[in-house]
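All remarks here apply to the structure that follows.
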Protein chains: 2
Amino acid sequence: MQDDLPKGFRAGAAAANFKKAGRDDLGIIVSDTTAVLAGMFTQNLFKAAPVLVCQEILASRGTARAVLANSGQANACTGDEGLANCRATQAMVAGLTGLEADEILPLSTGVVGAHLKMDLWLDAVPKLVSNIGTRDAEGFTRAFMTTDAFPKFSMREVTLAGGTARLTVMAKGAGMICPNMATMLCVALTDAKVARDPWQAMFGRAVEKTFNRVSVDGDTSTNDTILGLANGASGVAAESAADLALLEEALTDILGTVSHMLVMDGEGASKVIHITVTGAASDDDARTVARSVGHSQLVKTAIYGGDANWGRIVTAVGYSGAKFDPSRVSMKLCGIERFRLGCPVNEDKEDALAELLKAKDVQVEIDLGGGSGFYNFQASDLGHEYVTLNSDYRS
Amino acid sequence: MQDDLPKGFRAGAAAANFKKAGRDDLGIIVSDTTAVLAGMFTQNLFKAAPVLVCQEILASRGTARAVLANSGQANACTGDEGLANCRATQAMVAGLTGLEADEILPLSTGVVGAHLKMDLWLDAVPKLVSNIGTRDAEGFTRAFMTTDAFPKFSMREVTLAGGTARLTVMAKGAGMICPNMATMLCVALTDAKVARDPWQAMFGRAVEKTFNRVSVDGDTSTNDTILGLANGASGVAAESAADLALLEEALTDILGTVSHMLVMDGEGASKVIHITVTGAASDDDARTVARSVGHSQLVKTAIYGGDANWGRIVTAVGYSGAKFDPSRVSMKLCGIERFRLGCPVNEDKEDALAELLKAKDVQVEIDLGGGSGFYNFQASDLGHEYVTLNSDYRS
């Protein structure tokens, strides 16, 4: 079952009935040895209890042995009681596994404001612990899915000077996805041996280029957490600059793959809008423009409907707040230039564009004509299915 | 027909077939005498040609005799050709009315990036001019409607020391409504006599308290314009501080009425979310929080579905970017406190809340617990009808 996990990691799951009966909603990953930890967390001021606990562990130990994830209740906006409940779940697992409580990283997703159901945890944790080693990457991923339409995970091998190491990434996403951070929950595992500082540094850069550049609805959740555990079980070390660069490249690549899955599965999304901004005064300005376009309800509904309504894109560029000269702006939709230096062009290409807009991936290229600032961004479209899912999420 | 317009104003309209045949899509208002002008305009860097021309007139003359409005084409992002076309429409009307071209304020709404259809203008302007005096406030309003479900206009009388003056406000809204500015197009007329500086000043304050505090989809259009024309035809002057205050109060009141209509008719909206933020460190912080909640797709879909998912509201408060202490935040939904000092309360009131959420107007009260900063804001919900309208707007 564990062929798709890096060496020295085992996964388990159990059905605790936190929200719906009969499906796995509690998952665990255990590393046979102590793993070096990297982490990035939500910018939301209301940080869920498990986010606070993970941040503590990252700051105090910088290592971990296990990840414990539940769906159903997010344990966010739950005050001191929520924090106590979170620590109690660590203690339950520690008691049955012999791990220390603060080697166990908690992750929660589900309804914000709902407390963990501690009676159900008490029933489920023994099952969970006895199941360690019975699940693969997909099995763990399914345990923390909420409205996700499909499980999101990926594996990769990377060949370093000393041999081949593996990377496995498991994520859950769907709603409330926005920089920073794009996923609600993500766990990246590797059996490469890497020191704490370079691991956290490459992790931060890789997340910035991937998860922080995708958006479903612009809502940044209280629980967004991405954890990286490197346990060294492969015996393959990433120490030289060349090997660290190779590991970072593989990590960025696999996080990019999984973050694209998140947008593709944005709640009810049918398309991914790929936005590239060039010619900005700064990368910050380019990001401001890309996010403005990617968050525009009018752009997202037009793309959903396959409507080549490029004026909405240019409008979102205009109100983004970035500074630029409107008469120097050009824009391509699906590779066809429709706006050049502030004026419409190729007005006879509407039929061709309508055809191109049927694709699942839609390219939007914006050139502000003013500098070397650059940013790219992926956003989901906005359709009826998003409204259906989100107007009745809790039932 | 003109009973609902202030003295000295006449309205006309014509069917020019700019987009759909057989309905008025070109409107005009003429003041018998020169009117003092106030105006506020979109913050979008791509300002439509008519916005640029209105800004010129406001800056150079500060007075006007007429407003000329079309739907169908927004004449935005249309470059120099768009500006030339806009000036040509002024010239056509000037030629047939004897007004000067730069006394005529152009307003356009419709598809961004589409040029005015000058051949249809040539046909329609003589009809339009011959119809001056045949339409009332509703008739003019209907001529610049696009996806609006109903015409938005209101009338009011205000009694000053010297007698009674009238105010009439006509607006079109629906999509692309966001501060600043909330309406796509709005014309406010009064027959009070008021000097230019106090008129512009009270106009700016009234718009800030009304149109700038409503949102449908967060998209700020290229064309948003609000014009105020005061022609003094009633003979009633607003000169004393007391009279100016009365006029401002009436203006704020009527703009509030019409801006509420805009949210109520947000494309596909079924409810208006009234957001009040108190206890912020500053009014700016309160505004940041109110807008974050009002623009959250997850909040808007939950309210649409009548789901008391208050965690989404608190989440949007948390990622707004405003600074506050999360443990001091409280929140009421429909008057029921669900979050107090960072913790959930009244968990047994879910059924009562579900009942209250069936109302058309939904109150959200957020207390950040940290200062005297205050802001209020109105936002529409987000439902299937919004997606339907906006995924196929141009067809």
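Chain naming here is simple, since letters A, B, ... match the order of the sequence lines and numbering starts at 1 in each.
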Checklist outcome for this item: Scored by heavy-atom pairs under 4.5 Å with chain B, the best of A:Cys77, A:Gly79, A:Pro326, A:Gly342 is A:Cys77

Checklist entry - Hey, are B:Arg338 and B:Glu365 close enough for a salt bridge, meaning a charged N less than 4.0 Å from a carboxylate O? => result no

Checklist entry - Can you tell if the side chain of A:Lys360 reaches within under 4.5 Å of the side chain of A:Val272, non-hydrogen atoms only? => result no

Checklist entry - For A:Glu347, is it the side chain, the backbone, both or neither that has a heavy atom under 4.5 Å from a heavy atom of chain B? => result side chain

Checklist entry - Under 30°, 30 to 60°, or over 60°: which ring-plane class applies to A:Phe46 and B:Phe324, parallel, tilted or perpendicular? => result tilted

Checklist outcome for this item: Closest non-hydrogen atoms of B:Gly72 and B:Phe18, given as atom of the first, atom of the second and distance, are CA-CB, 4.4 Å

Item to check | Part of B:Ala74 lying under 4.5 Å from any heavy atom of chain A | outcome: neither

Item to check | Contact class of A:Phe339 relative to chain B, heavy atoms under 4.5 angstrom | outcome: side chain

Checklist entry - Do A:Asn44 and A:Thr222 have side-chain N/O donor and acceptor atoms under 3.5 Å apart? => result no

Checklist entry - Is chain B contacted by the side chain of A:Ala76, its backbone, both, or neither, given a heavy-atom distance below 4.5 Å? => result neither

